[in-house]
Amino acid sequence: MYYHASRSLQYRTPFGAQPVDTNVVVRFDADISAKDVTLCYSYGLYDFNYHEEPMTPVATANDTVTYETRLMLPHEPGLVFYWFRFCEAYGETKYYVMESDTEDASGKIYHEPPRIAANEDKYPYAWQITVYAKDFKTPDYMKGALIYQIFPDRFARDKDFTVDRMMACSDREERVYHESWYEDVDIKGKPSTGYLACDFFGGSLKGIEERLDYIKSFGIDIIYLNPIFEARSSHRYDTADYLHVDPMLGGNEAFESFKTACDKKGIKLILDGVFSHTGADSKYFNKFGRYEGVGAYKAYENGEANDFRSWYNFYRDDSGNIAYDSWWGFPDLPNVDENNLKYREFIFGDKGVVDTWCKRGASGLRLDVSDELPDSFIRQMRDTIKSKTNGEGMLVGEVWEDASNKCSYGSYRDFMLGRTHDSVMGYTFRTTMLEFLQGYISAKVFNSRMEGFRERYPAESYYCIMNLLSSHDVPRVYTMMSKPEDTGDKELQMQIKVSDEQKDICQALCRIGYAMQIAYVGAPCVYYGDEILLDGYKDPFNRRTYPWDKVSEDGKKHLEFVRQISKLRVDNQVLKTGFYRTLYTSENVIAFERYLEDGKDFFGNSATGAKRVVLVVNRGEETAGFELSDSKDFAITEASVKATSDYVVTGKSSGKTKIGVEPMSVKFVVYG
């Protein structure tokens, strides 16, 4: 028998990511005939050192020897990868490597060692220990916070809105103005320009401000705004002026009013920052001459120097025409050299971008395309935010993969080591959750993958991860539950929606998804409109307007569910910062709990509300019955047990609590 499981304290202690200089004990069971049992490990970040450590036998039972090694983790933040090597009785060298999708992260025997280099296919797999900075601390307000993401142009017009006022903000020929809030998004653009994502509905910061009571009605702690800085497009990822709110959104005065109103509601603001590129139509690049002064483009064309030319990389193509590096080849998005010191001074210096928005009251930034920014730039961003906010500012990165071992540009990235991001967007949560909800993976596999992320991320970061199901960059969750056929034709994408035959199942799955967002570790992030089952496939159809006066009856029912379940998180701190434990998994059922220890949460703080909340999820087609006790016992009972209420049960303080979870449903059990 050969065995190691990194999520079992019997085989590795302590659990999960660890600060530098921590002592970690690793144990491995090997057949009694095995020789030269060795722990192999490699550590580093940009460069790796390889080492071998003979293991010491510490126990023998039933022809199995348990070996042990203690490692003091490196003094510098980085990654440690490890596996085991041994010789079998007949002399062949074998390796024990990690196997994917096992619940305890156990392994298997393999004929070759893992591949761990940044540019290699990572199969076979090694176990990972994330080693982070000892002083890594994230803002407490972000841990377990409930976040609402808003695409500003599409959320709400203010009560004084007029189409004439919207059009008066700009007379640019490429812009399309929607007179009706209920028109569909544009996919063609003007005949003279083609599609440029320049259609506007007139949503504004004042419109959001007037809806704050609605937003607060389902317990929102933080609003994350897609870009609000002046730009040509309606998505505003083509920044034209980093220091001014777009006039279409109301300008800087509207932000000041909005921030004041949010403060009164106890809501913090995270802004979207785009620093890998600017707009070609901007005061910095000024390709079209719409801004005063000479921008970088004309300066290069004229052979002149100016404040912005060095930010960009210009050259002449084979025909002698002006060319420049741009984001993914889009000429409207010229790349910025983030290592240029003048650019860094503009972003990080006094009266620069970070300084300005921290003084205006932003609680943090979400970094667009973090993996396309240098680690040193992100480190300076975080340090600057912290210095401007007494350590309370938040930096969240857009990272779609496992941020703890993300590789890009030929290197592992410094993303989860306590020096760059506080946390990241939870696209890994979304991917895993959708695969479970759509029936592509079992509850067991779902749990294994989620436990893998929890194991590899520092807790300070994992409790802040923005666990999302939809965003401006992906199809809406309600639409995805219908398993739409992918197509690149926007005319066809426009017609994709949940059918009447599918809606009951899709709505049930959305309820499961939201309940799991609310109960799981992290900061649940709701994309505007998901709370009323807004439909929409890929961009731009996932950016339709919020239908304030045309919410469907199904949407209203889902909103009430969202409010009911959100209140559990508001009333019970355990769902924000409590400990986590998986209780049970099968093909279609998962049960897990959030709990306190001696009235304290995971971070040692006193917590109000329930001492324990259990969530049981049944994705299957048959009622599932369970029995729980206050002592954390958990058992299967007859499937015929009936639900005692729709979604929430009060657990007994002594004795057993029997519950039934109906098909495609959830049940919370709350212990006072």
Side-chain angles (χ1 to χ4, degrees), residues 118 149 151-152 197 224-229 231-240 242 270-282 284-285 311-313 324-340 343-344 346-348 353-354 357 362 364-382 384-385 394-417 419-431 461 465-466 468 470-474 525 527 538-540 542-543:
Q149 179 188 350
F151 194 86
Y224 153 47
L225 294 172
N226 286 111
I228 62 172
F229 306 149
R232 179 173 71 164
S233 72
S234 53
H235 58 66
R236 299 188 173 89
Y237 283 96
D238 52 340
T239 310
Y242 285 104
I270 291 178
L271 305 182
D272 213 330
V274 186
F275 301 106
S276 71
H277 53 270
T278 68
D281 188 9
S282 67
Y284 317 109
F285 201 79
W311 292 11
Y312 307 93
N313 179 32
Y324 47 87
D325 290 344
S326 59
W327 187 76
W328 289 84
F330 292 105
D332 288 336
L333 302 173
N335 274 338
V336 173
D337 177 7
E338 300 93 351
N339 291 315
N340 181 282
Y343 178 68
R344 289 203 180 193
F346 174 72
I347 301 299
F348 304 126
V353 176
V354 176
W357 289 102
L365 290 174
R366 175 263 193 189
L367 282 184
D368 186 54
V369 293
S370 280
D371 60 351
E372 299 183 26
L373 298 169
D375 286 349
S376 62
F377 184 89
I378 307 174
R379 285 194 285 267
Q380 189 171 1
M381 175 69 75
R382 184 171 187 267
T384 305
I385 289 175
M394 187 76 190
L395 184 62
V396 178
E398 181 197 6
V399 182
W400 288 56
E401 303 83 6
D402 185 340
S404 75
N405 52 33
K406 167 71 178 177
C407 296
S408 60
Y409 301 100
S411 175
Y412 285 98
R413 302 300 304 272
D414 183 5
F415 283 174
M416 280 292 108
L417 306 181
R419 302 183 296 189
T420 56
H421 309 94
D422 287 295
S423 197
V424 294
M425 298 185 75
Y427 278 106
T428 51
F429 176 89
R430 175 188 182 270
T431 299
S461 178
I465 191 169
M466 291 173 61
L468 57 99
S470 306
S471 81
H472 62 292
D473 280 330
V474 292
C525 185
Y527 186 44
K538 293 182 177 180
D539 165 24
N542 55 359
R543 304 173 182 182

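Nothing fancy with the numbering, it's 1 onward along the sequence. Scope of the values below: all heavy atoms of this structure, side chains included, with no hydrogens, waters or symmetry mates.
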* Shortest non-hydrogen contact from Arg430 to Leu468? -> CB-O, 3.1 Å
* To do: On the 0 to 90° scale, with breaks at 30° and 60°, tag the Trp311-Tyr343 ring pair as parallel, tilted or perpendicular.
  => perpendicular
* Structure fact -> The reported gap from CD in Gln149 to OG in Ser470 (rounded to nearest 0.5 angstrom) is 9.0 Å
* To do: Search all heavy atoms of Pro152 against all heavy atoms of Pro227 and return the closest pair with its distance.
  => CG-O, 4.1 Å
* Please name the residue in the list Leu365, Thr239, Val354, Asp368 that meets the side-chain contact (heavy atoms from CB on, under 4.5 Å) test with Phe275. => Leu365
* Structure fact -> Nearest heavy-atom approach of Ile270 to Met394 is CD1-CG, 4.5 Å
* Asked: Got Ser471 and Tyr427 here, is their nearest side-chain heavy-atom distance under 4.5 Å?
  -> yes
* Could you list the residues that satisfy salt bridge (charged side-chain N to carboxylate O under 4.0 Å, His left out) with Arg344, not counting sequence neighbours? => none
* **Contact check, side chains of Asp375 and Phe415, non-hydrogen atoms, under 4.5 Å** => yes
* Asked: Between atom CG of Leu417 and atom OG of Ser461, what is the distance when rounded to the nearest 0.5 Å?
  -> 10.0 Å
* To do: Measure up the Tyr224 and His472 rings against each other and bin them: parallel (under 30°), tilted (30 to 60°), perpendicular (over 60°).
  => perpendicular
* Is the closest side-chain heavy-atom distance between Asn339 and Phe377 below 4.5 Å? -> no
* Backbone N/O of Val396 and side chain of Ser423: donor-acceptor pair under 3.5 Å -> no
* To do: Applying salt bridge (charged side-chain N to carboxylate O under 4.0 Å, His left out), name anything that partners Arg236, two or more places apart in sequence or on another chain.
  => Asp246
* **Closest approach of Ala240 to Ser282 (non-hydrogen atoms, all atoms of both residues)** => CA-CB, 3.4 Å
* Close side-chain approach of Asp332 and Asp281, heavy atoms under 4.5 Å -> no
* Asked: Between atom OG of Ser370 and atom CZ of Arg413, what is the distance when rounded to the nearest 0.5 Å?
  -> 8.5 Å
* **Over all atoms of both residues, closest heavy-atom pair of Gly410 and Ala118** => O-CB, 3.8 Å
* To do: For the residue pair Asp414 and Ile378, establish whether any side-chain heavy-atom pair is separated by less than 4.5 Å.
  => no
* Spacing of CZ belonging to Phe151 relative to CG belonging to Asn542, to within rounding of 0.5 Å -> 8.5 Å
* Asked: Is there a donor-acceptor pair under 3.5 Å between the side chain of Asp539 and the backbone N or O of Asp473?
  -> no
* Between the side chain of Trp357 and the main-chain N/O of Tyr242, is any donor-acceptor distance below 3.5 Å? -> yes
* To do: List for me each residue that meets side chain to side chain donor-acceptor pair (under 3.5 Å) alongside Tyr284, sequence neighbours excluded, and say none if there are none.
  => none
* Rounded to the nearest 0.5 Å, what separation is found between the CD1 atom of Ile228 and the CG atom of Asp272? -> 9.5 Å
* Structure fact -> Correct closest heavy-atom pair for Ala280 and Pro334 would be N-CD, 3.4 Å
* Stepwise, does the side chain to side chain contact (heavy atoms under 4.5 Å, CB included) test hold for Asp238 with Phe330? -> CA-CA 11 Å; Asp238 52 340; Phe330 292 105; over 6 Å; no
* So among Met381, Arg382, Gln380, which one has a side-chain contact (heavy atoms from CB on, under 4.5 Å) with Thr384? -> Gln380
* Measure the OH-CG distance between Tyr312 and Asn335 for me, rounded to the nearest 0.5 Å. => 10.0 Å
* Tell me yes or no: between the side chains of Asp325 and Asn313, is some donor less than 3.5 Å from an acceptor? => yes
* Asked: Should Val474 and Trp400 be marked as a side chain to side chain contact (heavy atoms under 4.5 Å, CB included) after you check the CA-CA gap, both sets of side-chain angles, and the distance that decides it?
  -> CA-CA 11 Å; Val474 292; Trp400 288 56; 3.5 Å; yes
* For Ser408 and Glu372, run side chain to side chain contact (heavy atoms under 4.5 Å, CB included): C-alpha distance rounded to whole Å, both residues' side-chain angles, the deciding distance at 0.1 Å, then the answer. => CA-CA 8 Å; Ser408 60; Glu372 299 183 26; over 6 Å; no
* Asked: Are His277 and Phe285 close enough that some pair of their side-chain heavy atoms sits under 4.5 Å apart?
  -> no
* Is there a side chain to side chain contact (heavy atoms under 4.5 Å, CB included) between Met416 and Val424 once you walk through the steps? -> CA-CA 9 Å; Met416 280 292 108; Val424 294; 3.8 Å; yes
* To do: Take Asn226 and Tyr237, measure what side chain to side chain donor-acceptor pair (under 3.5 Å) needs, and give me the verdict at the end.
  => CA-CA 9 Å; Asn226 286 111; Tyr237 283 96; 2.8 Å; yes
